[in-house]
Amino acid sequence: MSKRIVVTGVAGFVGSNLGKHLLNRGYSVVGIDDLSAGTRENVDGRVEFHQLDIRSPEIHPVIAGAHAVFHLAGKTSLVDCIKKPLEAASLNVIGTLNVLEAARQGKVIKFIYADTSAEYEGIHVFPTPETNIHPVGVYAASKHGGATFCESYRDLHGMKVTIVRYFNVYGPAQDWRRVIPPVMASFILRMLRGERPMIYGTGEKRRDFIYVDDVNDLHLRILEDARADGHIFNIGSGVNYSVNEIYHLVEELLKTGLQPIYKEDLPGEAEITQADITAAKSLGWAPRINIKEGLIRTIRYLESKVAASSANKAGA
Ligand SMILES: NC(=O)c1ccc[n+]([C@@H]2O[C@H](COP(=O)([O-])OP(=O)(O)OC[C@H]3O[C@@H](n4cnc5c(N)ncnc54)[C@H](O)[C@@H]3O)[C@@H](O)[C@H]2O)c1
């Protein structure tokens, strides 16, 4: 029988793509999501789906006996976290603790926690290795709280916990419906609709972007390689691009002639991110999708969504 893997946040961006990866690899996938940000249409039909809040006791029987849990559910919008810090802590700290406790009681073998490069907000070493962190903002502090409990369960209960710190993940199923969508989805969508893209600040902030399939390739290695147990891994590409450079790359592909509109900077965003990926490479992993290929795939996905929503409006 195939191993049962639980994915929390399975209706979200990374979680929905992870669900497909695991299914294609022959695992059976159980998904948990309260659909507060994710959508049911993101979830592969083969996933055993449970619409539950990660803070609820009802997740315990769903998680019990699984081979592994990938814990991805959480509050991910920086702006929302600043506006609602108690809610951010409730989801990202208490929610994580409830998932950990369900995994411990349910004798789950492996636990993989989706942490963030925001842990490095106060660190100015680039590329940034996993060794030192300095979370500053509400989102970073709340994700750090969750990570600290993961380490506590690893050390106290001997759980096989792996922490992965994602840099800027992009690709299909990224939440393009948000008021302020993530940078690539935002540019592509506006430009496909014939609108000028918006850049917050000068556009000179530099980000390490990693395509979602590369992230999930590393997830599979971590699941299947005992050398990953107990360790922390950056997941990034190791190179970074400015927001202005991303605009030019998208424009090269779409050829719209639309110039960006520069708006007031958003609060709480790091100036530079760049991952040191030496640790992840030691597992035999390396990013395979370069930025141009990743953008082409993302454009194709968003084109299909824009076409579908125009068709719906026309039919309404
Ligand atoms: N996408 C990135 O670039 C990135 C970078 C760093 C870290 N991360 C982390 O990776 C994880 C996944 O990120 P994503 O981009 O897929 O985010 P996402 O917002 O697309 O997905 C998160 C999912 O969690 C669900 N959720 C929220 N609260 C919940 C609750 N109380 N109970 C059950 N489900 C709940 C949402 O409905 C959503 O489907 C998050 O933990 C995030 O902090 C993401």
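Each ligand, and each atom within it, is numbered from 1 in the order the structure gives. We use all heavy atoms of the structure for the numbers below, so side chains are in, but hydrogens, waters and symmetry mates are not.
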Proximity flag [X] to ligand 1, non-hydrogen atoms under 4.0 Å:
X	value
Thr39	no
Thr8	no
Tyr170	no
Gly95	no

Is there a polar contact, in the sense of an N or O pair closer than 3.5 Å, between [X] and ligand 1?
X	answer
Asp53	yes
Ile32	no
Ala73	no
Ile54	yes

With heavy atoms under 4.0 Å as the rule, classify the contact between [X] and ligand 1 as side chain, backbone, both or neither.
X	answer
Leu91	side chain
Leu35	backbone
Lys143	side chain

message: Among all protein heavy atoms in this structure, tell me which lies nearest to atom 4 (C) of ligand 1, with the distance rounded to 0.1 Å.
response: Tyr166 CD1, 3.8 Å
message: Give me the residue, atom name and distance of the protein heavy atom closest to atom 15 (O) of ligand 1.
response: Phe13 CD2, 3.7 Å
- line: side-chain hydrogen bond (donor to acceptor under 3.5 Å, both in side chains) test vs Ser90 passes for just one of Lys84, Arg55, Lys75, namely Arg55
- prompt: For Tyr247 and Leu258, which heavy atoms make the closest approach, and how far apart are they?
  reply: OH-O, 2.6 Å
task: Output, in order, the C-alpha distance, side-chain angles, deciding distance and verdict of salt bridge (charged side-chain N to carboxylate O under 4.0 Å, His left out) for Glu293 and Arg288.
output: CA-CA 10 Å; Glu293 177 59 27; Arg288 286 181 301 145; over 6 Å; no
message: Check for me whether the distance between the ring centres of His219 and Tyr166 falls short of 6.0 Å.
response: yes
query: Quick check, are the ring centers of Phe167 and Phe209 under 6.0 angstrom apart?
result: no
query: Looking just at side-chain N and O atoms, do Asp276 and Thr278 make a donor-acceptor pair shorter than 3.5 Å?
result: yes
Whether Arg4 side chain and Ala64 backbone form a donor-acceptor pair below 3.5 Å: yes
- prompt: Thinking salt bridges, do Lys292 and Glu252 make one under a 4.0 Å N-O criterion?
  reply: no
task: Return the option from Thr76, Asp33, Ile94 holding the heavy atom at the smallest distance from atom 23 (C) of ligand 1.
output: Asp33
message: Determine whether Arg300 and Glu303 satisfy the following criterion, salt bridge (charged side-chain N to carboxylate O under 4.0 Å, His left out), listing intermediate values before the conclusion.
response: CA-CA 5 Å; Arg300 249 185 246 137; Glu303 271 172 343; over 6 Å; no
